[in-house]
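Everything on this sheet refers to the single structure shown next.
Scope of the values below: all heavy atoms of this structure, side chains included, with no hydrogens, waters or symmetry mates.
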Amino acid sequence: MQIAQVIVNNNSYQTDKLFDYEIPTDLFRKVKRGIRVMVPFGNGNKRLEAYVLNVIESNSRNSKLKKVLAVIDEEPILSEDQLRLVFWMRNQYLCKYIEAIHCFIPKSMVNKERKKITLLDHSWEEVLPSSQKKLRNIITTLQALGGSAYLDLLMQHIDYKEINESIKVLLEKNIIDIKYELNSKINIKTEQYVRIKIEEEQWQPIISSLKRAKKQKILLEMLKEVKEISVKELLERSNTSRSSLNSLQEKGYIEYIDVEISRNPFGDKKFDPFYKFEPNEEQKKAIDQISASIKNESSETYLIHGVTGSGKTEIYLQLIEKVLKKGKQAIVLVPEISLTPQTVSRFMGRFGERIAVLHSNLSDGERYDEWRRILRQEVDIVIGARSAIFAPFKNLGMIVIDEEHEHTYKSEQTPRYNAIHIAEYRSHLENSVLVLGSATPSLESYHRAIEGDFTLITLKNRAMKSNLPTVEVINMAEEFHHGNTSIFSTELLKAMADTLSNHHQTILFLNRRGHSSVLSCKACGYTVKCQYCDITMTFHSAEKRLKCHYCGNVKNIVKSCPECHSEEIKYAGIGTQQIEDLVKVNFPKAKVQRMDMDTTSRKGAHEKILESFKHQEIDILIGTQMISKGLDFPNVTLVGIISADTTLNLPDFRAAEKTFQLVTQVAGRAGRGLEEGKVILQTYEPNHYSIVASTHHDYESFVKDELMIRKEFHYPPFANLLLLNFSGKNEKQVYAIANSVATNMKYILYSEGFKELDAILLGPNPSMISKIKESYRYQILLKDIGIPFSLLKKAVKYLLIDNRSKYIPQGITCTIDINPLSII
DNA sequence: AGCACGCCGACT
DNA sequence: GTCGGCGTGCTC
């Protein structure tokens, strides 16, 4: 007997195991590893979609096994390599099978069965005594919904919870009918085509028979030429109507067929060709070195550390050309497509049609189309954000991860994977080259390069022979002592004036949106906080309202303090909106544009701003970290960093690294053309090692200092971290649960012989933001100091996965984050 | 996740 | 008594 071992499409820890089903003989040949099937599941034999992870042969006849009902796919939806990745991910990230599987499959492909309840035409009034109020209520609700409704919709209209019982009673009484409908969101977009069915020798008699049907004759003659054409096009070209075509079909001369087409997410957008250019010495060396691995199909990892403007993109482009020549495919990851439109357009401009683009604001349908294009091998290159690492290429030659230090490569939802981590494993599985690139590599990657895991390639010079900009640090404390209370230092204002008069462009950077992030009472110190989150509300001057940046809650501004009724309200914590206002006051004639989440939420707004900046319709561009990467505008000669301290002061072990990266990246926007660039960096901590290093563009010295600190305090790359997050509405309960997990954890580790637990387990502590959307948050941090990381993971798996129901009650959410990028 | 079963307080 | 809410345990 053949048995399929499947994972059912249920996102629950309790069903996260392989279930055995008998494969009926007629499905023997169709059921394979990686295919989807329908199976009966549970007491009611609810039909569920399931993924076949194994097919085994069993000698003993187990009559208790249920049978596979049907297969969904012709071909496996998950390849052998992808299956291997699924198993690996579950182990690595302690996630469920189904969570790993869903990474590989677009949402719109997942089938879910919905219960549809239909009222039958019976005189239910007689059958149901009027005392049965509940049942009658269900029926009247059903009538109001038009006689039939899906169960979930029906439940929204009825406020008691035990609806299933009543549904069952109604079904027994034959008052309603239940149907299961597959809520398949598969939306292969098709277009109707016609195909001619007439053989050559039949042609003459048929044509003569159509003497009186002029239009039909025209249609047939056109079809004879092209054999197959879309209905729409045919009708347009022939100037005929559908009815003529229909009568041809009735006579059997033609047939209609549905042909799959793709929606193009880029519409008719044309990309300027981006011509290949001759690489300089450094670039050429890098290309040659990596090409060798592409040629040998060795799964080597390269880390390209190249200063801003060193032409990393051109290296990627030329390497991809080599990959394509070998008949292989390439994946390019960029931090966030919408933030790097220039990079994307260069790829499109060089390679044209055979690229699929996966960015975060594609609709489900568009995402599905791109995925299909990849699967049908219509593209050779995928360029996309984090999730593009799962692109279903069959012959992968290379993975490029640009700006590899970016935190967006780490998923914020379970499974909390790191795309670099996945890329490493995937390149290993599929013998493809992995190329990481950054002007400011993450300490993890750089450390691994030093250790010899990655091959380091350094680019010291800018490709266009321009120099790196000079960076001038302004001590804002001194500025203040000299009587300048403005947020702009004298130097910055002067430099902005100079740049304006030279008709060059300025970028001002501040990593905080809104107008003011803190409103507080001068008299009693009260600060306005969100009622749902433990966070101060930010004043937005455009809407003249207060917004919570965590839950989106909006409040009117407070004119007087709700505590002491003082009317002295202080607006502190400067954001980009306020900068914009102040710039306009200081430079009334300058054309100023702000670019942050608030000005770019509309589709296409992003490109529009960059386009007008490119055409020099903007003198001063003000923005958040959105402007820190990928922008390449030669006329920008001044970059002003309003405050480097916002990131520096975060209570996170990566604060210094983030600051160095951000400052270096932003500074890199200046002086990319013929003119020298200048950066003015304002800070209250001019002597901090990350500030000093970034002013000298000295990555190596920063890394040296930072690595020493990381080693001393046992942080990555010298330790692995495991963060457990607990949240729930009842603060006391959240703490109690977190505490019991911590206690049990300590007990397990202690009994394994590890006595120094204070360094290994920290917490539970309230999270940095202790409340978000009315949920209280606590966390436990685990570090592998003097203990194998695998053992920590094993203990976590035992407590929070294998015995989850014992430790985590309903109402408490607990997430596991392996090597989080941030522990705040 | 969904569903059945069984316990228990709150009502006609 | 019994209705309905809620916790528990199971699904090949």
Euclidean distance, atom [atom1] of residue [X] to atom [atom2] of [N] [Å, nearest integer]:
X: Arg804(A); N: dG7(C); atom1: CZ; atom2: C1'; answer: 18 Å
X: Glu22(A); N: dC12(C); atom1: CD; atom2: P; answer: 14 Å
X: Asp20(A); N: dC12(C); atom1: CG; atom2: P; answer: 11 Å
X: Lys17(A); N: dG9(C); atom1: NZ; atom2: C1'; answer: 11 Å
X: Phe19(A); N: dC10(C); atom1: CZ; atom2: P; answer: 12 Å
X: Lys64(A); N: dC10(C); atom1: NZ; atom2: P; answer: 14 Å

Less than 4.5 Å apart, side chain to side chain, heavy atoms only: is that true for Thr813(A) and Phe726(A)?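 They are not in contact (no side-chain heavy atoms under 4.5 Å apart), so the answer is no.
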So, are Asp817(A) and Lys410(A) salt-bridged, with charged N and O less than 4.0 Å apart?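 Answer for the salt bridge query: yes.
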Which residue in the set Val52(A), Ile3(A), Val37(A), Val55(A) passes side chain to side chain contact (heavy atoms under 4.5 Å, CB included) when paired with Ile23(A)?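 That would be Val55(A).
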Please identify each residue that fulfils ring-ring contact (aromatic ring centres under 6.0 Å, His included) with Phe789(A), with sequence neighbours left out.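 With neighbours one apart ignored, the set is empty.
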Can you list the residues that meet the ring-ring contact (aromatic ring centres under 6.0 Å, His included) rule with Tyr93(A), with sequence neighbours excluded?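 Testing Tyr93(A) for ring-ring contact (aromatic ring centres under 6.0 Å, His included), a comparison that skips the adjacent residues, returns His421(A).
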Output one letter per nucleotide in nucleotides 1-7 of chain B: B when a protein non-hydrogen atom lies under 4.0 Å from the base, S when only the sugar-phosphate is that close, - when neither is. B-SS---
Return the minimal non-hydrogen interatomic distance between His102(A) and Tyr51(A), and the atom names on each side.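 Answer, listing the atom of His102(A) first, then Tyr51(A): CE1-OH, 3.9 Å.
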May I have all residue pairs that pass salt bridge (charged side-chain N to carboxylate O under 4.0 Å, His left out) and include part of residues 95-106 of chain A, sequence neighbours excluded?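 Pairs touching residues 95-106 of chain A that pass the test: Lys96(A)-Glu99(A).
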What does the list of N/O pairs under 3.5 Å between the protein and nucleotides 9-12 of chain B look like, with a distance for each?
none

Which residues pass the salt bridge (charged side-chain N to carboxylate O under 4.0 Å, His left out) test with Lys116(A), not counting sequence neighbours?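 Glu181(A).
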